[in-house]
Amino acid sequence: MTSSIPPSELDIVIFGGAGDLSFRKLLPALYMAHLHERLPASARIIAVGRQPWSREQYLDFIGARSPQFIEAPSFDAVSWDGFVQRLHYVSLDVTDAPAYEALRALGLSAVQRVFYLATAPGLFTGICAHLDTAGLVDAHSRVVLEKPLGTDLASAQAINTEVARHFREEQIYRIDHYLGKETVQNLMVLRFGNAMFEPLWRAPFIKSVQITVAETVGVGSRAGFYDGAGALRDMVQNHLLQLLCIVAMEQPISLDADDVRDEKLKVLRSLRKMDLADIRRDTVRGQYAEGVADGQSALSYQQEEGVAPGSRTETFVALRAHINNARWANVPFFLRTGKRMAKRHSQIIIEFAEQPFSIFGAGPKHQPNRLIITLQPEESIHLGLMVKEPGSGMNLHPVKLELDLQSSSNKRRAEAYERLLIDVIKGRLTHFMRRDELEAAWRWVEPILDGWQALDDKPRPYAAGSWGPAASSALMARENLSWFEET
Ligand code: BG6
C-alpha cells in the first residue's frame, strides 16, 4: 500500500482484520452501513493482520467468508464490489513498533480515525502505545476495545490504565454488543417511556427477575480463548450484567452517556458480594457432555478441539444475585447462560408478585403476571394476563398480550455491530461501557471465580441440547420458582 491513496474523511483501522470477529461481524456490519449510505463516501476500512498478504489476497480471503454472514436480501455482488473498494490491507506485526510506519505511510484521515482492536486483549496496550509513538493518535481518534477486557479486575485495570495514557476516556469505546441489540435499547423505552410500568417496577410488586442467554452453539473454533475463560467471564461479566443493569437502574436524568452510565454503575456497585456460602448455595457451574443439539449429535466439551484434557471450564452458569437497594429489596435476580443448550433463546422475564387476595376462589390457579422480553432469535414483548374463560362460570384463563417487534415497524432493524459502529463514528458513548462500570462488574464477578477455586468446584455435566444441569432448576425450585422456557 502506498501514500498515493487520497486522504479520507474517516479511516476505520481494524486490528485483527482477518480474525473471526472481523469476517463474521465487523465487515458484514460495515457492508450494511455502506449499502445504506451510512459511511462517508471517502471512508476507508484498513484491515491490519499478521498474514503477509497483498490487498488482493486479503480480499479473496474475506470474499470467501464474509458474504455468508450478510442476510440474504441485503447481499448482492455489485454492492459488495463497491464495498471492497473501501478495503485496504496492511500486513504488520502489531508488537513491532517500527512496523507502524506502514500505517503512517497511508496518511490516515485528519478528520477522524477509528482504531478497532479486535485482537487478543493482551495486545491492546502495546497497540495503543505503538500507535501513539508513531504519531497516529490525535484528538479526533477513537479506539474501540473488544471484550474480553481482561481476565480479572487487576488485568482489566492494567489495560484501562495503559490505554488511558494514549486516549482520553471520551475517546475509548468499550464494546458490549448486547448494548447494540434493538430489544435491549427498547427496554429503556419500555421502562421510561411508558407510564404504566414504572410505578410497579420494584419490590414488592416484582417477585423475581430472570435473565437467560441460551445458545445452541458449542465452543466451535474458539477453545484457545474459551477454555481459559469460561461462561462467567465470557458472558456474565459483560452481557448478562449489562442486561441486569438496564432492568434494574433508576431513570437517568438524560440519555447522555454519563447519565446512563452513572445509573448502571450504581446498580453494579449495589450487587451483593457473594461469600463462599453464597457461592456454594447460589451458583451452578456446568459443562456440556455429549448430546443432540440443533437436531445433530454433538460432542462433549471435553472432546472439542483445543480443549485441555480434564478441563474444568464452565460452559454453563446459573446464579442468583441480589441488589442491595430499596427498589430491589428481596427480589432475586436469576441469571443463566450456557452453550449447547436446548434452544437459542435470550429472554428477560419480569415476574410480578401474586395477588394478595383473590375473589375468584377455587378453580384454575392464578398465574402470576409476567412480562417476557425476548431478545433473540425473534424480538418480542409479551405480557401474561389472566382473563375469563368463556362460559358460564368465572373461571380464569392465562393469555398473552403479544407484541412482535419485527412486524411493528417497517423500518430496517440494524444488527448490533452496525448500530454500535455508527455510534462510534458519531461519537455517541451511551451504549458503551465506561471504565468504572467495567471494573465494578469485575469486582462482583472476581470473588465468584475465586470462590469456585477455593471450593474446588467442578462443573456439573449436562447433555448437549438440554437446559443445563439439574442443579440449575433446583436453584429456582428452592423458592417455588422455575425457569421460563417457552418461546
Ligand atoms: C460473545 C461471546 O461475546 O457473545 C460468545 O464471546 C457468544 O461466546 C456471543 O457466543 C453471543 O452473541 P449473540 O449475539 O450471538 O448472542
Side-chain angles (χ1 to χ4, degrees), residues 16 19-26 28-29 32 68-71 116-121 144-151 156 173-187 211-244 246 285-288 293-294 298 301 304-307 311 313-317 335-348 373-380 413-421 431-433 438 441-442 445 464 468 487:
D20 255 40
L21 186 78
S22 291
F23 67 74
R24 284 170 194 266
K25 298 282 188 193
L26 303 181
M32 292 300 287
Q68 59 184 299
F69 296 102
I70 297 169
E71 276 191 33
Y116 198 118
L117 309 195
T119 61
V144 185
L145 305 179
E146 250 305 329
K147 65 170 275 284
L149 242 160
T151 51
Y173 292 71
R174 296 180 192 82
I175 206 160
D176 180 319
H177 76 281
Y178 269 59
L179 294 180
K181 291 189 190 267
E182 184 69 49
T183 324
V184 177
Q185 299 189 355
N186 210 349
L187 188 53
I211 302 178
T212 290
V213 177
E215 300 184 90
T216 51
V217 292
V219 67
S221 57
R222 296 169 70 227
F225 150 72
Y226 194 89
D227 204 36
L232 191 73
R233 287 188 176 96
D234 185 42
M235 299 292 288
V236 177
Q237 190 273 344
N238 33 74
H239 304 325
L240 276 88
L241 285 186
Q242 286 294 321
L243 295 178
L244 176 143
I246 297 178
R285 306 173 78 213
Q287 189 187 78
Y288 62 82
D294 270 342
Y301 179 70
E304 303 269 20
E305 204 182 317
V307 170
S311 166
T313 300
E314 79 284 355
T315 60
F316 174 96
V317 186
L335 311 186
R336 171 176 71 155
T337 184
K339 295 208 181 282
R340 284 280 186 246
M341 291 182 68
K343 266 191 252 168
R344 176 167 188 253
H345 142 119
S346 300
Q347 276 186 333
I348 300 171
I373 301 152
T374 305
L375 313 180
Q376 51 197 27
E378 74 281 359
E379 298 179 2
S380 63
R413 303 169 80 74
E415 282 288 322
Y417 272 100
E418 180 188 344
R419 197 187 304 255
L420 293 174
L421 279 160
H431 300 300
F432 295 84
M433 285 181 289
L438 180 98
W442 275 121
V445 160
T487 38

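First listed ligand is number 1; within each ligand, the first listed atom is number 1.
- Considering backbone and side-chain atoms together, Tyr226 places no N or O closer than 3.5 Å to any N or O of ligand 1.
- Looking at Thr315 and Gln287, their side chains never bring a donor and an acceptor atom within 3.5 Å of each other.
- Interface atoms of ligand 1 facing His239, defined by a heavy-atom separation under 4.0 Å, are 1 (C), 3 (O), 4 (O).
- For the 3.5 Å distance criterion, the side chains of Gln376 and Ser346 qualify, holding a donor opposite an acceptor.
- Note: Phe225 CZ to Arg233 CZ = 9.0 Å, rounded to the nearest 0.5 Å.
- If you number the atoms of ligand 1 from 1 as listed, the ones under 4.0 Å from a heavy atom of Gln376 come out as 13 (P), 16 (O).
- With values rounded to the nearest 0.5 angstrom, Arg419 atom CZ is found 5.0 Å from Gln185 atom CD.
- Using a 4.0 Å cut-off to heavy atoms of Lys147, the atoms of ligand 1 that qualify are 1 (C), 2 (C), 3 (O), 6 (O).
- Neither side chain, Thr216 nor Arg344, offers a donor N or O lying under 3.5 Å from an acceptor on the other.
- Considering backbone and side-chain N/O of Lys25, none are found under 3.5 Å from N/O of ligand 1.
- Distance from atom 8 (O) of ligand 1 to its nearest protein heavy atom, with residue and atom name: Asp234 OD2, 2.6 Å.
- Within a 6.0 Å radius of CD in Glu415, other residues, nucleotides and ligands contribute 12 heavy atoms or fewer.
- Distances from atom 5 (C) of ligand 1 to the heavy atoms of Arg344, Arg233, Arg222, Glu215 show the closest one on Arg222.
- The aromatic rings of Phe69 and Phe23 are tilted relative to each other, their planes meeting at an angle between 30° and 60°.
- Counting atoms of ligand 1 from 1 in the listed order, those under 4.0 Å from a heavy atom of Lys181 are 13 (P), 14 (O), 16 (O).
- Tyr178 counts as a contact of ligand 1, since one of its heavy atoms falls under 4.0 Å from the ligand.
- From the protein, the heavy atom lying nearest to atom 12 (O) of ligand 1 is His177 NE2, 3.1 Å.
- Ring orientation note: the planes of His177 and Tyr417 are close to parallel, at an angle under 30° on the 30°/60° scale.
- Residue contact check: Lys339 has heavy atoms under 4.0 Å from atoms 5 (C), 7 (C), 8 (O), 10 (O) of ligand 1.
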